[in-house]
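Start at 1 and go down the list; that is how both ligands and their atoms are numbered.
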Amino acid sequence: MSGFPIEYASRIKTLPPYLFAAIDEMKKKAIARGVDIINLGIGDPDLPTPAPIIERLKQAAADPKNHQYPSYEGLLSFRQAVAGWYKRRFGVALDPASEVLTLIGSKEGIGHVPLAFINPGDIVLVPSPGYPVYPVATGFAGGVSHIMPLLKKNGFLPDLDAIPRDVAKKAKLMFLNSPNNPTSVVASKDYFKRVVAFALEHRIIVCHDAAYSEIYYDGKRPASFLEVEGAKEVGIEFHSLSKTFNMTGWRIGFAVGNQHILNGLLKIKSNLDSGTFQAIQEAGITALESDESLTDGLRKTYQERRNVLVPGLQKLGLEVDLPPAAFYVWVAVPKGYTSASFTAHMLEKAGIVTTPGNGFGKPGEGYVRMTVTTTKERLAEAVERIRKTGL
Ligand SMILES: *Cc1c(COP(=O)(O)O)cnc(C)c1O
């Protein structure tokens with residue numbers, strides 16, 4: 001009950017409709033009927049945070065010096081750990097004091113960055129299907145999203161040549177995401193080189209989301225955007241400890257790269273939040289300084305699961321590629337279905353929850369996203385159930 005009609009601001013009223021509401025409803029009904037649901041809709045690791053990271057948090061949480069407000073930009077020791085990890089992993093040198101910024105999860109930084117650079121009416125280049133935060137954060141800043149469709153014929157990468165010249169000229173900022181959610185596609189260094197040239201020509205800030213850089217398969221490590229010459233002059237890269245170390249609930253990530261861009265983001269942050277709990281940053285240092293065996297195990301687990309799900313779906317005649325990275329499987333729906341009707345079919349006939357591709361943007365229509373954040377046994381069972389629906 002409200003004492004008067006509560007009116008929402010137009011930035012909320014114009015949010016895109018919540019496409020998953022209908023599925024949530026169907027899912028609830030199925031659970032109520034006693035259906036044993038296999039949930040392939042969740043983008044959240046099912047495995048626990050490694051023990052050494054938890055131990056470090058316990059110790060750091062008991063230290064009173066960590067109980068006060070942290071610094072806005074983050075502990076220098078955490079930023080040094082980031083720089084060290086970056087050097088080892090990508091061969092890129094970063095100045096921890098000016099080229100690394102701690103975030104409360106990368107979503108926080110991605111959501112705030114348009115506020116630092118976008119004036120009302122400014123254009124932001126947004127890949128679609130994609131992480132919904134890119135267009136929503138653009139809208140919150142008063143900007144206008146120009147959609148870069150991710151199409152199969154372009155290897156699911158934005159076609160830079162397809163961006164009209166007047167749009168490119170006016171655009172202020174571009175979001176990119178490799179390895180990609182939801183398609184799992186990885187951009188090559190060559191592709192990043194073209195992005196840098198494009199950004200320099202049109203004076204566009206590049207914000208590359210690399211949340212899945214450590215979830216890769218067959219030993220093929222995705223490149224960082226900053227590995228390419230000139231990248232640090234035009235952009236920043238977002239990273240997260242969430243997927244790499246099963247730390248989604250901890251809320252810690254970081255942005256690296258161009259110090260002027262990071263400074264803009266810091267100005268916004270210092271007026272809206274007060275940094276990341278220092279004990280979590282200390283635990284983050286343990287994560288970043290751990291040896292590769294920690295993440296090797298995770299990659300092995302996802303790879304085994306992928307190797308159950310994808311060939312299983314292919315044998316059923318579904319059009320789907322073996323993902324080189326991330327924990328998503330991007331499946332074309334069979335003829336006669338839409339994203340929505342196939343999602344409904346999977347739930348009703350097989351008790352499987354998937355995510356309709358158009359929920360990530362219109363160009364995702366015709367696909368569903370499945371995740372490998374559930375056990376091999378359950379994935380095998382999912383394939384078997386889909387087989388029984390007789391597609
Ligand atoms: C999960 C995810 C993130 C961010 O996660 P945080 O937990 O906020 O660090 C960022 N981008 C994409 C594409 C994601 O899927």
Side-chain angles (χ1 to χ4, degrees), residues 20 40-49 53 74 78 82 85 100-114 124-138 145 148 150 156-158 173-187 206-216 222 224-225 235-257 265 269 272-273 275-277 280-281 283-284 287-288 295 298 302 323-330 355 357 359-361 363-364 369-373:
F20 306 130
L40 306 185
I42 306 178
D44 193 345
D46 57 319
L47 303 165
T49 306
I53 302 172
F78 176 76
V82 167
W85 176 79
V100 183
L101 184 60
T102 308
L103 301 173
I104 311 171
S106 59
K107 183 181 191 177
E108 178 262 300
I110 293 164
H112 282 149
V113 76
V124 176
L125 303 172
V126 170
S128 179
Y131 194 46
V133 183
Y134 313 141
V136 168
T138 297
S145 294
M148 302 185 291
L150 307 184
F156 295 108
L157 292 168
L173 192 149
M174 170 194 279
F175 283 111
L176 276 182
N177 172 214
S178 163
N180 189 265
N181 175 11
T183 69
S184 286
V185 159
V186 175
V206 177
C207 292
H208 181 240
D209 178 356
Y212 295 94
S213 72
E214 303 318 296
I215 311 296
Y216 57 82
S224 156
F225 176 66
I236 60 173
E237 186 161 81
F238 291 100
H239 283 267
S240 173
L241 278 70
S242 290
K243 318 289 166 41
T244 309
F245 301 103
N246 301 330
M247 291 173 73
T248 48
W250 296 55
R251 311 313 304 136
I252 181 163
F254 52 91
V256 293
L265 177 54
K269 277 177 62 61
L272 290 176
D273 68 58
T276 304
F277 183 29
I280 290 179
Q281 294 188 66
L288 291 170
T295 38
L298 192 62
Y302 290 139
F327 41 57
Y328 302 112
V329 176
W330 191 235
T355 310
F360 302 98
R369 191 192 75 174
M370 299 184 186
T371 62
V372 294
T373 53

**Student:** Please write down residue, atom name and distance for the protein heavy atom closest to atom 13 (C) of ligand 1.
**Tutor:**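 Ranking protein heavy atoms by distance from atom 13 (C) of ligand 1, first comes Asp209 OD2, 3.3 Å.
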**Student:** In the protein, which heavy atom is nearest to atom 9 (O) of ligand 1, and how far is it?
**Tutor:** Ser240 OG, 2.6 Å
**Student:** Side chains of Ser178 and His208, heavy atoms from C-beta outward: is any pair under 4.5 Å?
**Tutor:** yes
**Student:** Could you tell me how the ring of Phe175 sits relative to the ring of Tyr134: parallel (under 30°), tilted (30 to 60°) or perpendicular (over 60°)?
**Tutor:** parallel
**Student:** Could you see which bit of Tyr212 sits under 4.0 Å from ligand 1, with heavy atoms only: side chain, backbone, both or neither?
**Tutor:** side chain
**Student:** Please walk me through it: do Trp250 and Thr49 pass side chain to side chain donor-acceptor pair (under 3.5 Å)?
**Tutor:** CA-CA 10 Å; Trp250 296 55; Thr49 306; 3.1 Å; yes
**Student:** Looking at ligand 1, would Gly253 count as a contact under a 4.0 Å heavy-atom criterion?
**Tutor:**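 Judged by the 4.0 Å heavy-atom criterion, Gly253 does not count as contacting ligand 1.
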**Student:** Check each of Arg251, His239, Glu108 against atom 8 (O) of ligand 1 and report the one with the nearest heavy atom.
**Tutor:**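 Minimum heavy-atom distance to atom 8 (O) of ligand 1 goes to Arg251.
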**Student:** Fit a plane to each ring of Tyr212 and Tyr328, take the angle between them on a 0 to 90° scale, and name the class: parallel (under 30°), tilted (30 to 60°) or perpendicular (over 60°).
**Tutor:** perpendicular
**Student:** Checking contacts here: is it the side chain or the backbone of Ser106 that comes within 4.0 Å of ligand 1, counting heavy atoms only? Could be both or neither.
**Tutor:** both
**Student:** Quick check for you: to the nearest 0.5 Å, what is the distance between Leu298 atom CG and Phe245 atom CZ?
**Tutor:** 9.5 Å
**Student:** For the residue pair Phe360 and Tyr131, is the inter-centroid distance of their aromatic rings smaller than 6.0 Å?
**Tutor:** no
**Student:** Could you find the nearest protein heavy atom to atom 7 (O) of ligand 1 and give me its residue, atom name and distance?
**Tutor:** Ser242 OG, 2.6 Å
**Student:** For ligand 1, which atoms sit closer than 4.0 Å to a heavy atom of Gly105?
**Tutor:**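 In order of number, 8 (O), 9 (O).
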**Student:** Does ligand 1 have a heavy atom under 4.0 Å from the side chain of Lys243, from its backbone, from both, or from neither?
**Tutor:** side chain
**Student:** Quick one: does any side-chain atom of Glu237 pair with a main-chain N or O of Gly257 as donor and acceptor, under 3.5 Å?
**Tutor:**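 Pair absent, no side-chain N/O of Glu237 close to backbone of Gly257.
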**Student:** Heavy-atom distances under 4.0 Å are what count here, so tell me which part of Asn177 touches ligand 1: side chain, backbone, both or neither.
**Tutor:**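 Side chain only.
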**Student:** So if I count the atoms of ligand 1 from 1 in the order they appear, which ones are less than 4.0 Å from some heavy atom of Ala211?
**Tutor:**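 Close to Ala211: 3 (C), 10 (C), 11 (N).
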**Student:** Rounded at 0.5 Å granularity, tell me how far NZ in Lys269 sits from NE2 in His112.
**Tutor:** 7.0 Å
